[in-house]
Amino acid sequence: MPSSGVSVENVEKISTATSAAMEIVLSQAELLKELTATQGVVERKTTIPILSNFLFEAAGDRLSITATDLDLSLRTSCAATVKKEGSCTIPARKLYDYVKLLPEGAITIKQMENHWVQIRAGRSNTKMVGMARANFPALPTFPSGSATKLPVLVLRNLIAKTIFAISNEESRYTLNGALMVIKAESIAMVATDGHRLAHIETKSAFPGVNGELKTLVPRKAMNELKSLLDQTDQDFIEFAKDDSTLFFRIGGRLLTSRQLTGQFPNYEAVLPRDNNKAVVVGCADLMGAIQRVAQFADERSGAIRMKLDKDEIRISSSSTDAGESEDVIETSYKSDPLIIGFNSQYMLDFLKVTNSGEVRLEFKDAQSAGQVRPEGGADDYKYRYIIMPMRI
Amino acid sequence: MSFQDFHGNHETVTRIREMLARDRFSHAVIISGPEGAGKYTLAQMIAKTLNCLEQPVTRSLPDFCGRCSNCTRIAQADDLEARFAEAVEVREAMREADRRDARILIQTHPEVIVVPPDPPQMLIKVGQVRLVIDSVFYKPVEARSKVLIFTESSFMKEAANSLLKVLEEPPEYATLILLTTNPGELLPTIRSRCVAFTLGALPVRQLDEALSRSRGDLKPAQRELVARLANGALGRAVSFMLEEYVESRASALTMLRSAIAGSDHTELFKITETYRAGIEGRDKTDQLLRTLYALFEDLLMLKSGTPELVRNTDIRGELSRLAQAIDFEWIVTASQRLAEVERGMRRNLLRSLSLDAFATSLER
């Protein structure tokens, strides 16, 4: 990966000015690495022909590669010997599959007439037909100034701990993303689908931020960002937004996403405050018990029953088809007994990402939301997960 | 191109432009009218006007320039059939697993999405509606508003239902335009959420004028015939295949003659034999049935003493002769029988036999 913030803007200026017959030479390994990174953005099931193409723009000593599905776009670049500057589009899937099969070494990409592109490597010679560069959607440019630096490790953790709770229902469009809240000294991320809510917050300094910077990050952008963060060796990424677009610059790669419309609900109002019945259990014990019991839960609702009693939790389920099942975990529970129902999958989603140590379950009564948190530890993160109970 | 180029239905178009002028264009609109009336053309014009970068004003009403990058990109979808064919081709070329989930959409401009019925069933499917709903909640970047155009009202049931929520509360920048030949086909819950515009039939004279500009290949007499046969729809008039029609009409007349005179069947059988099985035969048969209906209408006009409304003006003599041989009762029975043939076609009855049976059953 290129280390500096690559001259993406330069490339843009040149490519719009001329579109002479591009010709470049570059290394197979480098090209493949960047093509792999952009594959996630290329929409495979689209019937809009231009979207299944990459935009290649060669200028200076770099080739910039862009993929977009209109909602999300990713621009990356790699070093290349540019014999002739220019730009063209190439079928994304075919190119990727082909470059994968080429041996390591130099590849020459040359633009021909009528949007044909020639790719030569050693004794291999291939021609593919792209489309007019003018058909490629315009790409937003990173707003100058006002970028916020986000620490990679923190952001990666924030995304992993919330992404699973994002709603899939298209009618609840304000929930189709996670809310990122940046303050001068902290960063938080919240996601909910109306049945459960994941909230994580940590201390981190953002000197440029006054007050609160709230951003709704669409699920697709979260997914893509996550995989880009996993690949980078940088410590920080740059984040900026304008009226309609979000920008994330990860090393030499620029991810842009359209913003979702609408307001994220006032989640603070649903965070439980007086859940006074608490119990601490081992995360692995609880996960194992729920997984076993969930096998016999009603298939559609996945409902399980948790019975908190003196020094134990009984987790049980029953369905008319499968039978019934019960698991008991020993605890040091001392409060009044309580029976409460939950969707087992929602519980498991949380336990899977927490995945170590102990968790603290906090309840009020059978009708109120339960809260689950990782217990103790020297963790700098404040992570909490709210689940609505089920009537069973 | 501008609104000036839209033929006829001046009042409706003006009403739409006045709404646009006041920035009060409804977020959900139904445009109804017969095939070829210009519903899609008008919808495209609205999409361009909403997003035109130059925002010209003609006759003190908003218009579109047709030159800016938004207008030209939207205009790439003006030729709906070609874009549709391309999209279908792209899907055909996909890998099996992708193809199953791929939905046909046309989006030459990022903010204007055209949703045609999905083949082979030719219905708008729930997958298509979900995709566009998903994308409608992303803010527009390259234009002021997001426009969704549904080119036909043949929704699958779940597709129509999944549209309701967004029709009721679309984001402020979105406009949904539903086109239909028959508004009754849409769910009442969809209709009640939309403002409806109707494109009516154009007078024959206006069609004739338009044809004189666009169809140089037609002689004046042929032009008048086409103008009458197009049922007031400009799109149909412009693309009218006169030769095909005349051929089909010749078959229809043979059948009628045989039904009315009813002696020798060789002619009849020779004709009906050519209506074979398969897709080609289906189109040909559909055309024949439509032509037969049109002839019945003309006969009815002659019988009712309104010969000026006859559409097949070039064979007026022959029609008059036929009209003398029959009465109202006969026309009523004949059109009922024809409806039976039509139903039979849907059940895949043998075409030639059904037509034979139809003609012979009307003999007297």
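As the structure is a prediction and not an experimental result, all values here were calculated from the model. Proteins come first, then strands; the chains are lettered A, B, ... in the order of their sequence lines, and each starts at number 1.
Residues satisfying the side chain to side chain donor-acceptor pair (under 3.5 Å) criterion with A/Ser227, sequence neighbours excluded, are absent altogether. By the ring-ring contact (aromatic ring centres under 6.0 Å, His included) test, B/Phe197 pairs with no residue at all, sequence neighbours left out. With sequence neighbours left out, the side chain to side chain contact (heavy atoms under 4.5 Å, CB included) criterion links B/Ala159 to B/Val126, B/Val129, B/Phe155, B/Met156.
Heavy atoms closer than 4.5 Å to chain B are found in the side chain of A/Leu70, but not in its backbone. B/Ile133 touches chain A through its side chain: at least one heavy atom from C-beta onward sits under 4.5 Å away, while N, CA, C and O do not. With a threshold of 4.5 angstrom between heavy atoms, B/Pro171 approaches chain A through side-chain atoms but not through N, CA, C or O.
Remark: A/Ile48 CD1 to B/Leu105 CG distance equals 6.0 Å, nearest 0.5 Å.
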Show me the donor-acceptor pairs under 3.5 Å between chain A and chain B.
unit_1, atom_1, unit_2, atom_2, d
A/Thr47, OG1, B/Arg103, O, 3.2
A/Thr47, OG1, B/Leu105, N, 3.0
A/Thr47, OG1, B/Leu105, O, 3.2
A/Arg93, NH1, B/Asp98, OD2, 3.2
A/Asp97, OD2, B/Arg95, NH2, 2.6
A/Glu170, OE2, B/Arg130, NE, 3.1
A/Arg258, NH1, B/Glu111, OE1, 2.8
A/Arg258, NH1, B/Glu111, OE2, 3.2
A/Arg258, NH1, B/Lys139, O, 3.3
A/Arg258, NH2, B/Glu111, OE2, 3.0
A/Gln259, O, B/Lys139, N, 2.8
A/Thr261, N, B/Phe137, O, 2.7

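Within a 6.0 Å sphere centred on NZ of A/Lys127, other residues, nucleotides and ligands contribute 12 heavy atoms or fewer.
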